[in-house]
Q: 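Below you'll find the structure I mean.
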Amino acid sequence: MAKKDKDFVKEVTSREEDYSQWYLDVILKTEMVDYAPVKGCMVIRPYGFTLWENMQALLDKKIKDTGHKNAYFPLFIPESLLQKEADHVEGFAPEVAWVTHGGNEKLAERLVVRPTSETIICSMYAKWIQSWRDLPVLINQWCNVVRWEKTTRPFLRTSEFLWQEGHTAHRTEEEAQEETLKMLEVYREFVEEDLAIPVITGLKTDKEKFAGALRTYTIEALMGDGRALQSGTSHNLGQHFAKVFDITFLDQDDQLKYVWQASWGVSTRLIGAIIMVHGDNRGLKIPPKVAPVQVVVVPIMPKKTREVVLEKAEALLVTLGEKFRMDIDDRDYSPGWKFNEWEMKGVPLRLEIGPKDIEKGQVVLVRRDTGEKFFVKEEDLDSTIEKLLAEIQDNMFQMALEFRTQNTTQCEDYEDFQKIIADRRGFVRANWCGHEQCEEKIKEDTKATIRCIPLKEDKMQGSCLCCGGEAKETVYFARAY
RNA sequence: CGGGGCGUAGCGCAGUUUGGUAGCGCACUUGGUUUGGGACCAAGGGGUCGGGGGUUCGAAUCCCUUCGCCCCGACCA
């Protein structure tokens with residue numbers, strides 16, 4: 001199979017040879033992104049951006065269905081606002097971009113380009129919230145943020161990226177906690193059902209949590225090279241921000257109280273996850289629900305029948321195009337060239353139609369995920385495509401789940417653990433005493449970090465992997481992006 | 001910020017050791033033949049050799065300087 005793959009797609013470095021290069025080859029050659037003139041910045045090209053738009057549309061609906069409304073807050077945040085929450089500043093200060101001048105004039109107060117919007121949004125919430133009747137406030141925004149990272153990689157960590165950030169304010173601690181978990185569940189559902197990526201939901205350790213949060217919850221996915229990717233986070237902010245931004249309300253009991261807050265976000269990093277979870281040596285494999293093109297029509301056009309075939313293909317596009325995202329490739333390249341091109345671009349289904357098919361009243365459908373070929377009567381086309389797209393979506397999730405299962409191990413012995421992390425990687429379930437010293441030591445020894453303390457999972461028997469002390473939690477370790 | 005690598009046509013590279021008219025493959029353009037797994041023939045177009053300075057009769061090549069990108073670390077909700 002590996003050899004066959006190579007014969008088909010010579011554009012792409014194989015994953016076994018150099019995973020990092022494979023990733024870069026794929027995203028550049030499929031025209032998802034290109035490097036921009038500014039270090040760490042990327043251009044998201046139409047093919048990549050359409051994918052993002054499809055993702056946005058599905059997630060945006062879920063966000064609205066859970067009662068949130070979209071708004072937009074400014075890109076610039078006054079330095080004084082960022083300074084207010086001590087942990088928050090400390091966490092973000094090293095990676096913020098500063099605006100110091102307007103034109104040629106030095107600003108009286110420096111502005112930060114938002115690395116996240118808690119502070120500016122909280123400053124507004126303080127104005128807007130007076131009474132328990134004003135709560136909850138449930139706002140989301142889609143925007144760009146900037147974090148001056150030292151090491152960057154397209155989609156996974158860029159200086160500027162696109163995301164959504166939800167910011168909510170609640171009357172009680174319970175409500176804020178409920179919101180935090182509700183949105184984590186929204187993310188899990190979105191990523192698993194729409195992006196076909198299985199995730200582990202869990203709690204971050206104190207060391208790994210968001211700067212300024214009480215608790216951070218995460219969805220963690222396993223990439224094709226065995227490294228984990230934090231794919232979305234939901235934070236219970238407690239009253240940390242409310243207290244420093246003075247977000248208070250008069251409750252029913254006539255007491256002035258601080259609100260309880262949550263914030264949650266996913267970013268274009270998810271595109272990186274799609275690429276690395278589903279991709280193979282032929283290139284991308286995009287889940288049907290978000291694929292920019294779900295069905296690509298490749299007409300086989302010998303000269304004598306060119307017009308007839310093209311006409312037929314275009315007719316199909318008109319009828320089926322109402323229901324499915326489709327594209328027709330009538331460029332003057334050989335059919336084989338086009339097959340490879342669209343496979344590299346990860347289109348779930350290819351529809352071939354040529355003179356022979358027209359005679360028989362059929363078309364040929366080929367699945368990207370399995371390579372299976374189907375000869376389908378024209379009258380069955382609509383229902384067959386619908387069925388196949390659903391099957392592909394499901395199969396992609398199952399394949400990814402199987403990969404994760406095969407690359408998740410349980411471990412009680414530290415030496416075994418080190419070996420696994422060094423050789424096979426993947427997720428390792430192990431016991432932890434809950435102390436940061438052990439967490440640190442494991443990271444120093446192996447570069448693996450605690451990805452999360454899983455929700456809804458039984459604890460293992462045994463003691464702490466590292467110190468042998470009493471185990472407080474069973475956690476997932478992995479090397480992460 | 002440390003270590004390594006690379007900047008020559010859109011992309012991938014050779015040429016640099018030993019200075020002497022800037023090349024190859026792919027891509028691109030035109031015409032023709034082709035089209036069910038990356039077709040073929042022919043004719044074309046395209047370069048401040050990352051930037052600046054120096055040495056020299058002469059610099060892609062030697063020297064100095066500078067900028068950028070990639071990879072691996074360190075750092076990083």
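Labels below follow one simple rule: chain letters A, B, ... track the order of the sequence lines, proteins then strands, and each chain is numbered from 1.
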Q: Going by purine N1 to pyrimidine N3 plus the second Watson-Crick contact, or the G-U wobble pair, all under 3.5 Å, which nucleotide sits opposite B:G19?
A: none
Q: Between B:C1 and B:C76, how far is it from one C1' atom to the other, in whole Å?
A: 13 Å
Q: Among A:Glu473, A:Glu220, A:Glu439, exactly one meets salt bridge (Lys or Arg N to Asp or Glu O under 4.0 Å) together with A:Lys204. Which residue is that?
A: A:Glu220
Q: Taking atom P in both B:C67 and B:G52, what distance in whole Å separates the two?
A: 15 Å
Q: Would you say A:Arg157 reaches B:C75's phosphate, i.e. side-chain N/O to OP1/OP2 under 4.0 Å?
A: no
Q: Of all the nucleotides listed (B:G73, B:C71, B:G36), which has the minimum atom distance to the side chain of A:Ser20?
A: B:C71
Q: How long is the line joining CG of A:Leu214 and P of B:A77, in whole Å?
A: 17 Å
Q: Applying a 4.0 Å non-hydrogen cut-off, can you work out what A:Tyr35 is touching in the nucleic acid: base, sugar-phosphate, or nothing?
A: sugar-phosphate
Q: Quiz question: going by heavy-atom distance under 3.5 Å, is there a donor-acceptor pair between the base of B:C76 and the side chain of A:Arg147?
A: no
Q: Which base sits across from B:U61 as a Watson-Crick or G-U pair, both distances under 3.5 Å?
A: none
Q: Pick the P atom in B:G53 and in B:U17, then give their distance to the nearest Å.
A: 23 Å
Q: Would A:Arg350 pass as a cation-pi partner of A:Trp342, given that its NZ or CZ must be under 6.0 Å from the six-membered ring centre and within 45 degrees of the axis?
A: no
Q: Would you mind reading off the distance between A:Glu95 atom CD and B:A74 atom P, rounded to a whole angstrom?
A: 17 Å
Q: Hey, does the side chain of A:Tyr333 come within less than 4.0 Å of B:C28's phosphate (OP1/OP2), counting only N and O?
A: yes
Q: Please determine, for the side chain of A:Trp163, which listed nucleotide (B:A74, B:U34, B:A77) has the closest atom?
A: B:A77
Q: Taking the P atom in each of B:U16 and B:A60, what is the distance between them to the nearest angstrom?
A: 14 Å
Q: Report which part of the nucleic acid A:Gln230 touches: base, sugar-phosphate, or nothing (heavy-atom distance under 4.0 Å, all strands).
A: base
Q: Pick the C1' atom in B:C13 and in B:C6, then give their distance to the nearest Å.
A: 12 Å
Q: Counting any heavy atom closer than 4.0 Å, what does A:Arg306 reach on the DNA or RNA strands: base, sugar-phosphate only, or nothing?
A: nothing
Q: Just name whichever nucleotide pairs with B:C24, Watson-Crick or G-U, keeping both distances under 3.5 Å, else none.
A: B:G12
Q: Let's test your reading of the model: under 3.5 Å, does the base of B:G36 pair with the side chain of A:Arg350 as donor and acceptor?
A: no
Q: What is the base-pairing partner of B:C1, counting Watson-Crick and G-U wobble geometry with both distances under 3.5 Å?
A: B:G73
Q: Assign each of A:Glu341 and A:Gly40 to its nearest nucleotide of RNA chain B by heavy atoms, then name whichever residue's nucleotide is nearer the 5' end.
A: A:Glu341
Q: Between A:His68 and A:Trp264, what is the ring plane arrangement, given parallel below 30°, perpendicular above 60°, and tilted in between?
A: perpendicular
Q: Indicate, with yes or no, if the rings of A:His88 and A:Phe241 have centres closer together than 6.0 Å.
A: yes
Q: What integer number of Å spans the P atoms of B:G7 and B:A42?
A: 32 Å
Q: Does a donor on one side chain sit under 3.5 Å from an acceptor on the other, for A:Gln177 and A:Glu173?
A: no
Q: Quick one: is B:A39 close enough that its OP1 or OP2 comes under 4.0 Å of any side-chain N or O from A:Ser334?
A: yes
Q: Contact class for A:Val298 (heavy atom, under 4.0 Å): base, sugar-phosphate, or nothing?
A: nothing
Q: Does B:A74 have OP1 or OP2 sitting under 4.0 Å from an N or O in the side chain of A:Lys150?
A: no
Q: State whether A:Tyr481 and A:Arg157 meet the cation-pi test: NZ (Lys) or CZ (Arg) under 6.0 Å from the six-membered ring centroid, and within 45° of the perpendicular axis.
A: no
Q: Taking atom types as they are modelled, would you say the side chain of A:Thr218 forms a donor-acceptor pair with the base of B:A77 within the 3.5 Å cutoff?
A: no
Q: A:Tyr19 has an atom OH; how far is it from atom P of B:C71, in whole Å?
A: 14 Å
Q: Does A:Val145 reach the side chain of A:Pro115, with side-chain heavy atoms less than 4.5 Å apart?
A: no
Q: Rounding to a whole Å, what distance do you find between A:Leu156:CG and B:C71:P?
A: 10 Å
Q: State which of B:G36, B:C71, B:G38 makes the closest approach to the side chain of A:Leu24.
A: B:C71
Q: For B:U48, which nucleotide is its Watson-Crick or G-U wobble mate, given both distances must be under 3.5 Å?
A: none
Q: Given the C1' atoms of B:U21 and B:U29, what is the spacing between them in whole Å?
A: 27 Å
Q: Using 30° and 60° as the class boundaries, would you call the ring planes of A:Tyr19 and A:Trp22 parallel, tilted or perpendicular?
A: tilted
Q: Would A:Ser263 and A:His167 count as having a side-chain donor-acceptor pair, cut-off 3.5 Å?
A: no
Q: In whole Å, I'd like the distance from the CZ atom of A:Phe92 to the P atom of B:C75.
A: 18 Å
Q: Starting from P on B:G36, measure out to CD on A:Gln362 and report it in whole angstrom.
A: 17 Å
Q: With both distances under 3.5 Å as the test, what is the Watson-Crick or G-U wobble partner of B:C40?
A: B:G32
Q: Is any side-chain N or O of A:Arg479 closer than 4.0 Å to OP1 or OP2 of B:G73?
A: yes
Q: Which comes earlier along RNA chain B counting from the 5' end, the contact point of A:Thr233 or that of A:Arg153, where each point is its nearest nucleotide?
A: A:Arg153
Q: For the side chain of A:Lys447, counting heavy atoms from C-beta on, which of B:A74, B:G38, B:G36 is nearest?
A: B:A74
Q: Counting any heavy atom closer than 4.0 Å, what does A:Pro355 reach on the DNA or RNA strands: base, sugar-phosphate only, or nothing?
A: base
Q: Round to a whole Å and report the spacing from NZ of A:Lys338 to C1' of B:G36.
A: 12 Å
Q: How close or far is atom P of B:A77 from atom NE2 of A:His240, stated in whole angstroms?
A: 16 Å
Q: Tell me what A:Lys356 touches on the nucleic acid: a base, only sugar-phosphate, or nothing, going by heavy atoms under 4.0 Å.
A: base
Q: Using atom P in both nucleotides, what's the gap between B:G3 and B:A74 to the nearest angstrom?
A: 15 Å
